[in-house]
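Keep in mind it's a predicted model, so treat the numbers as computed, not measured.
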Amino acid sequence: MFRLTFVSLLVLLFVTGYTNETSLLTGERQMTAVADEIHAGTDPASPGPNVVTAEGAAKPGLPGSAPPPVHADAGKPAGRPDASPGPATGPVPGTPAKPDNVPHPTAAKRVALTFDDGPDKKYTPQILDILKKREVKATFFVVGLQVEKCADVLKRIVEEGHAVGNHTYDHANLTERTAAEIAEEIRQTDEAIRKALGTGTDLFRPPYGATNDVVKKTVADSKQELVQWTVDTRDWAGTTPDEIMEKVKSQTKPDGIILMHCFGGKNGKLDNTVEALPRVIDYLKDEGYTFVTVPELLAAEAETREQKKAQGNGHGHGQGQVQAQAPRSEAQVQA
């Protein structure tokens, strides 16, 4: 009898473990399949998603408005919906509260590299090594849960001169959240950043680049600058280094923002990003681009607008620029 009971227990444990593992794998495959479906039919040469300017004007970009599904690094616990946002204390080093206060390059061809979803202890350090070797500064939009796990990596990001932005606490699709829940996502992440660095950030990028009126208002009420992107490398989906290069070559324009990732990726891998990054940097340098952080880009655009106003020509922004404020979204992609 005892023998039979023991054997039954072993069988039960095996079945339970197998079921859990199968469930996790199935969920990951479903997310990948949905992501591919959402992006099917998207013009790969498109310059990127809509960009909301400081004045609130939208610029044409990636077709389709529905945000993509959570990618491989999803499955993070949701934020608390009943909490209210706390006041921002101050920007992370390299991320000024006021773009006009940031010194910036005067080069006509500027471009900003951005990395989402980190930090982590595998890919983020490799990306930082590449940036350091090539003397390039970038901007990292970090997830609160990852900040709590890898505070030391976040510190390195800032110590090496890069800027930091808020990317929510658990990579939630904010268009499915209430204003209170959105505010809590922002607050929790800002708190994690301040705990690690001693100060917060005023840059914010919504997961998937998904926004609506509620999201925009809540971000503004939280004193954050909404930042999106103009170039989507789709590295998270497993695009090859050659495909990443083609997207960069076809989509990059002066004052553009390039979307890449430093955590997550298809099956949890971003080796394609690490392999492509040196090529991306070298190509853009050869094309005459100067790499800047998002705060520097916003400051430059703000100055340009002021100059146009002073000259009596304050209408519009040049081709797809960053707008002191609302950089491009991870647009329906996946960030």
Exercise for the section: Compare all side-chain heavy atoms of Leu113 with those of Ile281 and state whether any distance is below 4.5 angstrom. Expected result: yes
Exercise for the section: Check whether any side-chain N or O of Gln251 sits under 3.5 Å from a backbone N or O of Asp232 as a donor-acceptor pair, and report yes or no. Expected result: yes
Problem - Donor + acceptor pair across side chains of Thr218, Arg177 (<3.5 Å) - result: no
Practice task
Report the residues that fulfil ring pair (Phe, Tyr, Trp, His ring centres under 6.0 Å) with Phe140, sequence neighbours left out, ordered by chain and then residue number.
Solution key: Phe115, His162
Handout entry: Lys/Arg N to Asp/Glu carboxylate O, Arg194 vs Glu191, below 4.0 Å
Key = no
Exercise for the section: For side chain to side chain contact (heavy atoms under 4.5 Å, CB included), just list the numbers for Asp202 and Lys223, CA-CA rounded to whole Å, side-chain angles, deciding distance to a tenth of an Å, and then say yes or no. Expected result: CA-CA 7 Å; Asp202 62 356; Lys223 309 304 180 185; over 6 Å; no
Handout entry: Asp213, CG: over 12 other non-hydrogen atoms inside 6.0 angstrom
Key = no
Problem - Under 3.5 Å: donor-acceptor pair, side chain of Lys216, backbone of Thr211 - result: no
Completion exercise
Taking every heavy atom of Leu270 against every heavy atom of Cys262, the minimum-distance pair comes out as CD1-C, 3.6 Å
Completion exercise
Output for pair (Thr233 OG1, Glu246 CD), nearest 0.5 Å, gives 13.5 Å
Practice task
Report yes if the side chains of Leu131 and Lys137 come closer than 4.5 Å at any heavy-atom pair, otherwise no.
Solution key: no
Completion exercise
Heavy-atom closest pair (Val215 atom, Asn212 atom, distance to 0.1 Å) is N-OD1, 2.8 Å
Problem - Electrostatic pair Asp117-Arg205, nearest N-O below 4.0 angstrom - result: no
Handout entry: Student check: side-chain heavy atoms of Tyr283 and Thr252 closer than 4.5 Å
Key = no
Practice task
Indicate yes or no: at least one non-hydrogen side-chain atom of Val153 is less than 4.5 angstrom from one of Lys121.
Solution key: yes
Exercise for the section: Keeping the roles fixed (side chain from Gln146, backbone from Val143), state whether a donor-acceptor pair exists under 3.5 Å. Expected result: no
Exercise for the section: For residues Leu297 and Ala112, report the shortest heavy-atom separation together with the two atoms involved. Expected result: CD2-CB, 4.0 Å
Exercise for the section: Measure the spacing between OG1 of Thr124 and CG of Leu128 and express it to the nearest 0.5 Å. Expected result: 6.5 Å
Problem - Beyond-backbone contact of His171 with His167, side-chain heavy atoms, under 4.5 angstrom - result: yes
Fill in the blank from the handout: Taken to the nearest 0.5 Å, the spacing of Glu160 CD from Lys132 NZ works out to 5.0 Å
Completion exercise
For Ala210 and Asn173, the nearest pair of non-hydrogen atoms, with its separation, is CB-OD1, 3.6 Å
Practice task
Would you mind reporting whether Asp271 and Tyr123 have side-chain heavy atoms less than 4.5 Å apart?
Solution key: yes
Practice task
Of all the heavy-atom pairs spanning Phe141 and Asn166, show the shortest one and how long it is.
Solution key: CD2-O, 4.0 Å
Practice task
Could you grab the distance from atom CG of Leu284 to atom CE of Met245, nearest 0.5 Å is fine?
Solution key: 7.0 Å
Handout entry: Distance in Å, Thr139 OG1 paired with Ile157 CD1, rounded so as to fall on 0.5 Å steps
Key = 10.5 Å
Problem - CA sep, side-chain torsions, deciding dist, call: Lys217, Asp221, side chain to side chain contact (heavy atoms under 4.5 Å, CB included) - result: CA-CA 6 Å; Lys217 183 179 186 305; Asp221 290 345; 2.8 Å; yes
Fill in the blank from the handout: Distance col, row Ile244:CD1 vs Asp242:CG, nearest 0.5 angstrom, shows 9.5 Å
Handout entry: Close side-chain approach of Gln224 and Leu203, heavy atoms under 4.5 Å
Key = no
Exercise for the section: Kindly indicate, with the supporting measurements, whether the criterion side chain to side chain contact (heavy atoms under 4.5 Å, CB included) is fulfilled by Asp170 and Glu185. Expected result: CA-CA 8 Å; Asp170 55 11; Glu185 286 278 347; 2.6 Å; yes
Handout entry: Student check: side-chain heavy atoms of Arg134 and Asp282 closer than 4.5 Å
Key = yes
Problem - Closest non-hydrogen atom pair between Ala196 and Lys155, with its separation - result: O-CE, 3.1 Å
Exercise for the section: List the steps, then state whether side chain to side chain contact (heavy atoms under 4.5 Å, CB included) holds for Val111 with Val231. Expected result: CA-CA 10 Å; Val111 66; Val231 180; over 6 Å; no
Problem - Any donor-acceptor pair under 3.5 Å from Asp235 side chain to Met260 backbone - result: no
